[in-house]
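As structure tokens, the structure follows; a few thoughts come after it.
Here is how names work: the chains are called A, B, and so on, in the same order as the sequence lines, proteins then strands, and each is numbered from 1. All values reported here derive from a predicted model rather than from experimental measurement.
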Protein chains: 2
Amino acid sequence: MKYERKISEAVIKRLPRYYRFLEDLMNMGISRVSSKDLSVRTGLNPSQIRQDFYCFGGFGLQGYGYDVESLFNEIKKILGLDTTYNLVIVGAGNLGQALAKHIPQQKKGFKVVGIFDVKSSLLGAKIGDIEIMHIDKLGECIRENNVDIAALTVPGNYAREAAEMVIKQGIKGIWNFAPIELKENPDVVIENIHLIDSLMVLGYKISNK
Amino acid sequence: MKYERKISEAVIKRLPRYYRFLEDLMNMGISRVSSKDLSVRTGLNPSQIRQDFYCFGGFGLQGYGYDVESLFNEIKKILGLDTTYNLVIVGAGNLGQALAKHIPQQKKGFKVVGIFDVKSSLLGAKIGDIEIMHIDKLGECIRENNVDIAALTVPGNYAREAAEMVIKQGIKGIWNFAPIELKENPDVVIENIHLIDSLMVLGYKISNK
DNA sequence: TAGATTGTTAATCGATTAACAATC
DNA sequence: TAGATTGTTAATCGATTAACAATC
């Protein structure tokens, strides 16, 4: 067995992209693909594609290329998508409600098991087939449903305390939509979606070319 | 005047983060900050922070540091936030509607001037103070309101044609939420928010430490 | 003046790309 | 076998970090 070096963040971030393209290829009935083919489709360099797969041991056959389905399944396994991740949404505003409906539609192995807020006017409302509950019930929900991920969609000024709270309840990953920086630590990993930051970058790019 | 090298994407992506932190400092009444202070707050290396500002000419004073307000204003200007960007939302599903409400709340100089769909059941509904309109009206809206940005929140299978359409209407930047890769070209810049990709990365990180 | 901190160049580090032997 | 394409090492490139002279 091959010595396991730490896989860089850059490589990880490309995996979902491969995954999507391979799914498309399968749907088109294509069973075989070379790094050069994938390069044309994804816009990535073929050497880079081979390097990426090589990180995990290499899934191809010399002189042939890659078998689409088995490559798809390998990446699926690496990303942990062969099991379901349960998640809760903390903050039932616009964004939280939209995610509660959006995630199940994508059918990618992520299940929303609860959505929480403190605002009494929201409590009890149904979003899809789940009900907005008071944040007091969050800990219970996490423990009963084996929840790994908390999506944080609260206003910025509550975000830090909400993050501390879900960490205390034993959450392993935070999908953060609030405009604050959260520090990773050995117990919790963070993925930030800074929507407005992204809009600002877009604005910059528009203005500068 | 200093020779202008192309600013790297990595630098641009850090600017909104600085912007946010400087805004916080202003709100706290702090008028002066050093790269070392900023480093502690942002988690970035102080050399990197100075390098980043140096790209744009350097905004500090040796022996003193940076004046919070003037640094804030410089970054504001670089990001083009001293003017308003008008944007339209293409796709009035969960995500599109949520963005239509979310963006104005953030008060960062982005104005939603229209939201469009093809689904007749959605047409006419009010989201905040704007009405969902048929996609046929999109071109007209873009021309009348000097629209720079289109947020793409349509289902994946319509995304490519929707992108081509807004490009044809003269849009300068696409904020893409669909799970496809769009190619930049000299006329159009792209910012992708691949929500599910980000969830997958979070899943990977959770499973691997 | 002495101390602090930037502006700026140089060194380091890591990620991307190129090259090619291995091998199907 | 000849052709194709990977696995794998080496070279290149760019981004991050370190160092320190300039200067407030």
Pairing partner (Watson-Crick or G-U wobble, both distances under 3.5 angstrom) of C:dT9
D:dA18
Starting at atom CD of B:Glu9, determine the distance to atom P of C:dA15, rounded to an integer number of angstrom.
17 Å
Under 4.0 Å protein heavy-atom contact, by nucleotide of nucleotides 17-24 of chain D - B base, S sugar-phosphate only
BBBB-BBB
Could you tell me how far apart A:Phe59 (CZ) and D:dT6 (C1') are, to the nearest whole angstrom?
13 Å
Using Watson-Crick or G-U wobble geometry with both distances below 3.5 Å, tell me the partner of D:dT23, or none.
C:dA4
Note: A:Glu9-B:Lys205 ion pair, threshold 4.0 Å (strictly below):
yes
With a 4.0 Å cut-off on N to O distance, would you call A:Glu191 and A:Lys13 a salt bridge?
yes
Round to a whole Å and report the spacing from CG of B:Leu38 to P of C:dT5.
12 Å
Quick check on D:dT5: is either OP1 or OP2 less than 4.0 Å from any side-chain nitrogen or oxygen of A:Ser35?
no
Check whether any side-chain N or O of A:Tyr54 sits under 4.0 Å from OP1 or OP2 of D:dT8, and answer yes or no.
yes
I want to confirm an ordering. Mapping A:Arg14 and B:Gly58 to their closest nucleotides on DNA chain C, which one lands closer to the 5' end?
B:Gly58
Hey, is B:Arg20 close enough to A:Asp197 for a salt bridge, meaning N to O under 4.0 Å?
yes
Check every strand shown and say whether B:Phe53 touches a base, only sugar-phosphate, or nothing at a heavy-atom separation below 4.0 Å.
nothing
Can you tell me how the ring of B:Phe177 sits relative to the ring of B:Trp175, calling it parallel under 30°, perpendicular over 60° and tilted otherwise?
perpendicular
Rounded to whole angstrom units, what separation is found between the CD1 atom of B:Ile7 and the C1' atom of D:dA15?
14 Å
Between P of D:dG3 and NZ of A:Lys36, the distance in whole Å:
16 Å
When you compare the side chain of B:Phe53 with that of B:Ile75, does any pair of heavy atoms fall below 4.5 Å?
yes
Any side-chain heavy-atom pair of A:Asn146 and A:Val113 under 4.5 Å:
no
Do A:Thr42 and A:Arg14 have side-chain heavy atoms sitting under 4.5 Å apart?
no
